[in-house]
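Working notes for the structure below.
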Amino acid sequence: MPISKEADTLRALYQSWTDQMVANPNLSILNLRSMFDEWGQPALEPENVTYKSDHVGGVEAIWALPAGADTKRVILYTHGGGFCVGSADSHRKMVGHLAKALGVTACNLHYRRAPEHPFPAQIEDAVAAYKALLAKGFDAKNILTAGDSAGGNLAVASVLKFRELGLPLPGAVIAYSPWLDMALRGKTLETNAGTDALVSRAILEGMSGMFLGGATDPLNPLANPLENDFTGFPPLYITCGSAETLQSDSEALHAKAKAAGVKTTLSVVPGMQHVFPSLAGRAPEADQEIARIATWYRAL
């Protein structure tokens, strides 16, 4: 099934990043962050959404506030970028589209990044923000965690940490192309290596090294959410593309959650690249997937 011309803009952007990293293997983390902030380009600006900079639980954040949204409901969003790059700003428009489709507000965290702040700084920031939302009067059932790639890991792992801390759990979890397995065991790392324009084993090894900081086991259950029992976990929506190397992580999470009795949905969209909802407003494949997520959310 051919993908749309609009969807191919994401593959082209990813390929340009890959080409730059191959040509300049010694790019600094600051260079990489500057490059990955181009992640904001594919999404078009969502209409009737305003934004507000804030600190939530001491963590820098950008609120997405769609006109007419239910202000008693909020997405706690953690951006992707291998725990090292990406930002709340690079994901602002994508988060705005998701919030608008679901009819809720969103708190898009600019959590501390590796290598300056290795694991578990990212989860600590998510926990601090979640506690702050509860303190602001949000009911846990009206909060959902969401994120993409490494942020999808955090959207899942933070809920496992909430459970460990005895906090009330959020009402739902959404994971876009989550990167979960720090041990890199997924078979699609090899089988989809020729179709994924960005995510290679080498990139994952480099970013996991910065995230784990040489001190954390790649099978640590909060760094690697696949090493968990998901009994009692909230309803879960997982989406990924069939062209991406991390497809196996999504499939493994779905299987583990389903085996534990979780209400879980897995959507593998043909031909799509890593975190293809970043094409929101531009490509029909992204908009259709976000509409499916909204339908799922309303049915909970």
Side-chain angles (χ1 to χ4, degrees), residues 56-59 61 63-64 69-80 95 98-99 101-109 111 119-176 178-181 220-239 249-250 252-267 293-300:
V56 181
V59 183
W63 286 86
D70 183 348
T71 57
K72 294 181 179 179
R73 295 179 178 270
V74 62
I75 302 166
L76 182 60
Y77 195 93
T78 42
H79 68 80
V95 174
L98 180 62
L102 271 54
V104 303
T105 62
C107 177
N108 176 13
L109 288 187
Y111 55 83
F119 173 89
Q122 298 75 18
I123 288 183
E124 290 171 352
D125 286 355
V127 169
Y130 186 68
K131 287 180 174 178
L133 292 176
L134 294 173
K136 285 176 181 287
F138 287 100
D139 287 337
K141 68 178 184 296
N142 290 335
I143 303 173
L144 60 150
T145 63
D148 62 283
S149 194
N153 177 313
L154 295 173
V156 174
S158 61
V159 177
L160 297 166
K161 184 63 176 180
F162 304 159
R163 183 176 70 180
E164 180 183 300
L165 293 171
L167 296 171
L169 299 187
V173 178
I174 298 168
Y176 292 163
W179 175 30
L180 305 165
D181 184 15
N220 179 298
L222 288 177
N224 190 330
L226 295 180
E227 299 298 310
N228 282 276
D229 175 5
F230 283 86
T231 301
F233 200 80
L236 175 62
Y237 193 105
I238 311 158
T239 183
D249 280 24
S250 289
L253 175 61
H254 176 64
K256 289 211 74 164
K258 186 175 182 180
V262 177
K263 182 180 180 181
T264 177
T265 298
L266 172 64
S267 176
I293 293 170
T295 298
W296 167 84
Y297 179 66
R298 286 191 290 267
L300 292 177

Could you pull out the closest heavy-atom pair between [X] and [Y], with the gap in Å?
{"X": "T239", "Y": "S250", "answer": "O-OG, 4.3 Å"}
{"X": "A294", "Y": "A101", "answer": "CB-O, 3.5 Å"}
{"X": "A99", "Y": "A64", "answer": "CB-CB, 4.5 Å"}
{"X": "W296", "Y": "A172", "answer": "CH2-CB, 3.8 Å"}
{"X": "P225", "Y": "L180", "answer": "CD-O, 3.4 Å"}
{"X": "Y297", "Y": "R73", "answer": "OH-NH1, 3.3 Å"}

Inter-residue atom distance [X].[atom1] - [Y].[atom2], 0.5 Å rounding:
{"X": "N228", "Y": "L160", "atom1": "CG", "atom2": "CG", "answer": "4.5 Å"}
{"X": "I293", "Y": "L98", "atom1": "CD1", "atom2": "CG", "answer": "6.0 Å"}
{"X": "F138", "Y": "C107", "atom1": "CZ", "atom2": "SG", "answer": "8.5 Å"}
{"X": "T105", "Y": "N142", "atom1": "OG1", "atom2": "CG", "answer": "10.0 Å"}
{"X": "D181", "Y": "L226", "atom1": "CG", "atom2": "CG", "answer": "5.5 Å"}
{"X": "L222", "Y": "Q122", "atom1": "CG", "atom2": "CD", "answer": "12.0 Å"}

Query raised in the report: Could you go step by step and tell me if I75 and V95 meet the side-chain contact (heavy atoms from CB on, under 4.5 Å) rule?
Result: CA-CA 9 Å; I75 302 166; V95 174; 5.7 Å; no
Report yes if some heavy atom in the side chain of [X] is under 4.5 Å from a heavy atom in the side chain of [Y]; otherwise report no.
{"X": "V159", "Y": "P170", "result": "yes"}
{"X": "D148", "Y": "Y77", "result": "yes"}
{"X": "V156", "Y": "P178", "result": "no"}
{"X": "L133", "Y": "V56", "result": "yes"}
{"X": "I174", "Y": "L102", "result": "yes"}
{"X": "K131", "Y": "L167", "result": "yes"}
{"X": "L134", "Y": "D139", "result": "no"}
{"X": "N220", "Y": "F119", "result": "yes"}

Query raised in the report: What's the verdict on side-chain contact (heavy atoms from CB on, under 4.5 Å) for L236 and T265, showing C-alpha distance, side-chain angles and the deciding distance?
Result: CA-CA 6 Å; L236 175 62; T265 298; over 6 Å; no
Report task. Dump the intermediate steps for side-chain contact (heavy atoms from CB on, under 4.5 Å) on L300 and K263, then the final yes or no. Result -> CA-CA 10 Å; L300 292 177; K263 182 180 180 181; 3.7 Å; yes
Requested in this report: Could you give me the CA-CA distance, side-chain angles and deciding distance for S267 and Y237, then say whether side-chain contact (heavy atoms from CB on, under 4.5 Å) is met?
Outcome: CA-CA 8 Å; S267 176; Y237 193 105; 3.5 Å; yes
**Report entry** K72 bridged to D70 by N-O distance under 4.0 Å
**Finding:** no
Query - Exam field: side chain N153 to backbone W179, donor-acceptor pair closer than 3.5 Å - result: yes
Query raised in the report: Do S149 side-chain atoms and G80 backbone N/O form a donor-acceptor pair below 3.5 Å?
Result: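 Side chain of S149 to backbone of G80, a donor-acceptor pair under 3.5 Å: no, none is there.
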